*Asks:* 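First, the structure itself, so that you have it in front of you.
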Amino acid sequence: MKHPDEIMKKALITGITGQDGSYLAEFLLEKGYDVFGMHRRSSVDGHHERIEHLRGKLNLVCGDLLDYYSLEKVVKEVNPDEIYNLAAQSQVRTSFDQPSTTREINWFGVERLLDVVKKYAPNARVYQASTSEMFGNIVESPQDEKTPFNPVSPYGESKLRAHEAVKRAREEGMFACAGILFNHESPRRGIEFITRKVTDGVARIKLGLPQRDTGHRYLEVGNLDAERDWGFAKDYVEAMWEILQQEKPKDYVIATGETHSVRELIEEAFSFAEIPLTWEGNGLNEIGKYNGETLVKINPNFFRPNELHRLKGNPSLAIKELGLKQKTTFKELVQLMTESDLEKIGNLRNENKIIKLKNKLS
């Protein structure tokens, strides 16, 4: 019989098929947790590549933040020690087109989850994935745990309401806390996000393939001068775990404390691919060129309705109390993502060549 201290902890992760969910699952499995991943049936049927390598190591359970009964069923069956709510409608641009859906998932879904946990797993520790988008276009910089919130998108607003719900749950005695994470990227980032769009686009240019969304050779982007505090998602999931290991529940800003522009992101990715860019023109007519060929253009349709120009986090509290460290620099992160996309697209191109050859010979 195991000593009580040796009993395997159970962790429930919502959004298991996402970037953060997959990295967190790996981390917790290494820690010896019994990991349960909650997913919508459609998410695993169509987007399970991030957790495919974990099949047989974790437990997948069906549930949805939109459905109270399914949440109740999952929490009662799993009876988790720790819950990490990473599920969300996470596209800021999409939230302007689908504000009601965004609120239902990001805000009301969290309210449902907290209510279920309060009833059926009151001793569980709950982590909520909050976001720097809650700060909006705040003048104060850098932003920390005491900075006022001023969201300017339906996404940011929905996340703020969920953040407030977590605070209320904590005040009512639940061990509920949030990580206010600034932008965090990786090779597992969705292609719809600017970081992956750039690294995937650069890889396609390097390997002579057209862009996914337009079929053009050149890459189209929005605001070149928007600045973000970009970190590595794999590093940040460790901070999520540390937050739930503290003696008292508390919210923490997780960030690098430095900012880089979309322009820098593009330059770094092209540089790693050995395609040094030069810039010509001004404003919406600015273009990135190499050897006289235009490889980057600005598309005003990619600007947000309410553009955030600069977000920079102050992770001092997390450094002091969680031991947060920036293990991966911005340059290393961009290079890691670009290298991954070069490999993926190179393999895809070779597979397509083999298929074409087989079709020709058949």
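On a predicted model such as this, the values are computed, not experimentally measured, just so you know. We're numbering straight along the sequence, starting at 1.
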*Asks:* Ignoring hydrogens and geometry, is there a side-chain-to-backbone donor-acceptor pair from Q143 to E140 under 3.5 Å?
*Replies:* yes
*Asks:* How close do M337 and S186 get, heavy atom to heavy atom, and via which atoms?
*Replies:* CE-O, 3.3 Å
*Asks:* E26 and K234: salt bridge (Lys or Arg N to Asp or Glu O under 4.0 Å), yes or no, with the steps?
*Replies:* CA-CA 10 Å; E26 289 176 350; K234 188 175 181 179; 5.1 Å; no
*Asks:* Return yes if some donor-acceptor pair links the side-chain N/O of D229 with the main-chain N/O of T259 below 3.5 Å, else return no.
*Replies:* no
*Asks:* For the residue pair L207 and G346, what are the closest heavy atoms and their distance?
*Replies:* CD1-N, 3.5 Å
*Asks:* For E247, check salt bridge (Lys or Arg N to Asp or Glu O under 4.0 Å) against everything at least two apart and list the hits.
*Replies:* none
*Asks:* Taking salt bridge (Lys or Arg N to Asp or Glu O under 4.0 Å) as the definition, give me every residue that meets it alongside E172, ordered by chain and number, with sequence neighbours left out.
*Replies:* K118
*Asks:* What verdict does the side chain to side chain contact (heavy atoms under 4.5 Å, CB included) test give for Q91 and F193, after you've listed the backbone C-alpha separation in whole Å, the side-chain angles of each residue and the deciding distance to 0.1 Å?
*Replies:* CA-CA 8 Å; Q91 264 289 309; F193 290 86; 3.6 Å; yes
*Asks:* Which residue pairs pass the side chain to side chain donor-acceptor pair (under 3.5 Å) test when at least one of the two sits in residues 60-72, sequence neighbours left out?
*Replies:* D67-S70, Y68-D115, Y68-K119, E72-Y120
*Asks:* Taking L65's backbone N and O only, do any of them form a donor-acceptor pair with R112's side chain (distance below 3.5 Å, no angle check)?
*Replies:* yes
*Asks:* Enter the distance from S158:OG to H163:NE2 here, rounded to the nearest 0.5 Å.
*Replies:* 13.0 Å
*Asks:* Please name all residues satisfying side-chain contact (heavy atoms from CB on, under 4.5 Å) with Q245, sequence neighbours left out, ordered by chain then number.
*Replies:* K9, Y33, E82, Y84, W241
*Asks:* Enumerate the salt bridge (charged side-chain N to carboxylate O under 4.0 Å, His left out) contacts for residues 311-320, please, sequence neighbours excluded, ordered by first and then second residue.
*Replies:* none
*Asks:* Using a 3.5 Å cut-off and no angle test, enumerate the donor-acceptor pairs between side-chain atoms of residues 73-80 and protein atoms at least two apart in sequence or in another chain.
*Replies:*
from, atom 1, to, atom 2, distance (Å)
K73, NZ, E77, OE2, 3.0

*Asks:* Is there a donor-acceptor pair closer than 3.5 Å between any side-chain N or O of N85 and the backbone N or O of Q128?
*Replies:* no
*Asks:* Roughly how far, to the nearest 0.5 Å, is CD1 of I83 from CG of L113?
*Replies:* 5.5 Å
*Asks:* Tell me the closest heavy-atom pair linking N183 and R228, and the distance in Å.
*Replies:* OD1-CD, 3.6 Å
*Asks:* Tell me, please, which residues at least two apart from K289 pass salt bridge (Lys or Arg N to Asp or Glu O under 4.0 Å).
*Replies:* E280
*Asks:* Per the side chain to side chain contact (heavy atoms under 4.5 Å, CB included) rule, which among I180, T147, N150 passes with M134?
*Replies:* I180
*Asks:* Suppose we screen for salt bridge (Lys or Arg N to Asp or Glu O under 4.0 Å). Which residues come up paired with K325, at least two apart in sequence or across chains?
*Replies:* none
*Asks:* Which pairs, with at least one residue in residues 327-337 and sequence neighbours excluded, count as a side chain to side chain donor-acceptor pair (under 3.5 Å)?
*Replies:* D235-T328, E238-K327, T329-E332
*Asks:* Measure from NZ or CZ of K206 to the centre of the six-membered ring of F272, then state whether that distance is under 6.0 Å and the direction lies within 45° of the axis.
*Replies:* no
*Asks:* Which atoms form the tightest heavy-atom contact between Y127 and A178, and what is the distance?
*Replies:* CE1-C, 4.1 Å
*Asks:* Taking NZ, NE, NH1 and NH2 as the nitrogens, is one of them in R168 or E111 under 4.0 Å from a carboxylate oxygen of the other?
*Replies:* yes
*Asks:* Checking E242 side chain against G323 main chain: does a donor-acceptor pair fall under 3.5 Å?
*Replies:* no
*Asks:* Give the intermediate values and the outcome of side chain to side chain contact (heavy atoms under 4.5 Å, CB included) for residues L181 and T131.
*Replies:* CA-CA 5 Å; L181 270 61; T131 171; over 6 Å; no
*Asks:* Let's go through I266 and L224 carefully: what are the C-alpha distance in whole Å and the side-chain angles of both, what is the deciding distance for side chain to side chain contact (heavy atoms under 4.5 Å, CB included) to 0.1 Å, and is it a yes or a no?
*Replies:* CA-CA 9 Å; I266 292 169; L224 287 172; 3.6 Å; yes
*Asks:* Tell me, with the steps shown, if E268 and R263 meet salt bridge (Lys or Arg N to Asp or Glu O under 4.0 Å).
*Replies:* CA-CA 9 Å; E268 191 60 56; R263 186 190 304 273; over 6 Å; no
*Asks:* So which atom in G222 and which in I298 form the shortest heavy-atom distance, rounded to 0.1 Å?
*Replies:* O-CG2, 3.8 Å
*Asks:* Can you check whether T195's main-chain N or O pairs, donor with acceptor, with T199's side chain at less than 3.5 Å?
*Replies:* yes
*Asks:* What distance do L333 atom CG and H260 atom NE2 have between them, rounded to the nearest 0.5 Å?
*Replies:* 9.5 Å
*Asks:* Can you list everything that forms a side-chain contact (heavy atoms from CB on, under 4.5 Å) with I191? Sequence neighbours excluded, please.
*Replies:* R196, D200, R212
*Asks:* Suppose the criterion is salt bridge (charged side-chain N to carboxylate O under 4.0 Å, His left out): which pairs have a residue in residues 293-302, not counting sequence neighbours?
*Replies:* R217-E293
*Asks:* If Ile, Leu, Val, Met, Phe, Trp and Tyr residues are connected whenever their side-chain heavy atoms lie under 4.5 Å apart, and connections chain through other members, are W279 and L219 in the same group?
*Replies:* yes
*Asks:* Let's go through N223 and D225 carefully: what are the C-alpha distance in whole Å and the side-chain angles of both, what is the deciding distance for side chain to side chain donor-acceptor pair (under 3.5 Å) to 0.1 Å, and is it a yes or a no?
*Replies:* CA-CA 6 Å; N223 186 1; D225 298 316; over 6 Å; no
*Asks:* Counting N and O atoms only, with roles assigned by atom type, does the side chain of H39 sit under 3.5 Å from a partner on the main chain of G37, one being a donor and the other an acceptor?
*Replies:* no
*Asks:* Just verifying a value: how many Å separate R189 CZ and F232 CZ, rounded to the nearest 0.5 Å?
*Replies:* 12.5 Å
*Asks:* Quick one, V253 and L317 - any side-chain contact, counting heavy atoms below 4.5 Å?
*Replies:* no
*Asks:* Rounded to the nearest 0.5 Å, how far does CG of D341 lie from CD of E343?
*Replies:* 10.0 Å
*Asks:* CZ/F36 to CG/L12 distance, rounded to the nearest 0.5 angstrom?
*Replies:* 8.5 Å
*Asks:* Within the side chain of T14, is there an N or O that forms a donor-acceptor pair under 3.5 Å with the backbone of L86?
*Replies:* yes
*Asks:* Where the side chain of E264 meets the backbone of S261, is there a donor-acceptor pair that is under 3.5 Å apart?
*Replies:* yes
*Asks:* Does K159 reach the main-chain N or O of A88 with its side chain, forming a donor-acceptor pair under 3.5 Å?
*Replies:* no
*Asks:* One pair to check against side chain to side chain donor-acceptor pair (under 3.5 Å): R188 and S22. What are the steps and the verdict?
*Replies:* CA-CA 9 Å; R188 299 181 190 176; S22 64; 3.0 Å; yes
*Asks:* Mind checking side-chain contact (heavy atoms from CB on, under 4.5 Å) for A25 and listing every partner two or more places apart, or none if nothing turns up?
*Replies:* I13, I16, V35, L54, L58
*Asks:* State yes or no: do W107 and F149 share one hydrophobic cluster built from I, L, V, M, F, W and Y residues joined by side-chain heavy-atom distances below 4.5 Å, directly or via other members?
*Replies:* no
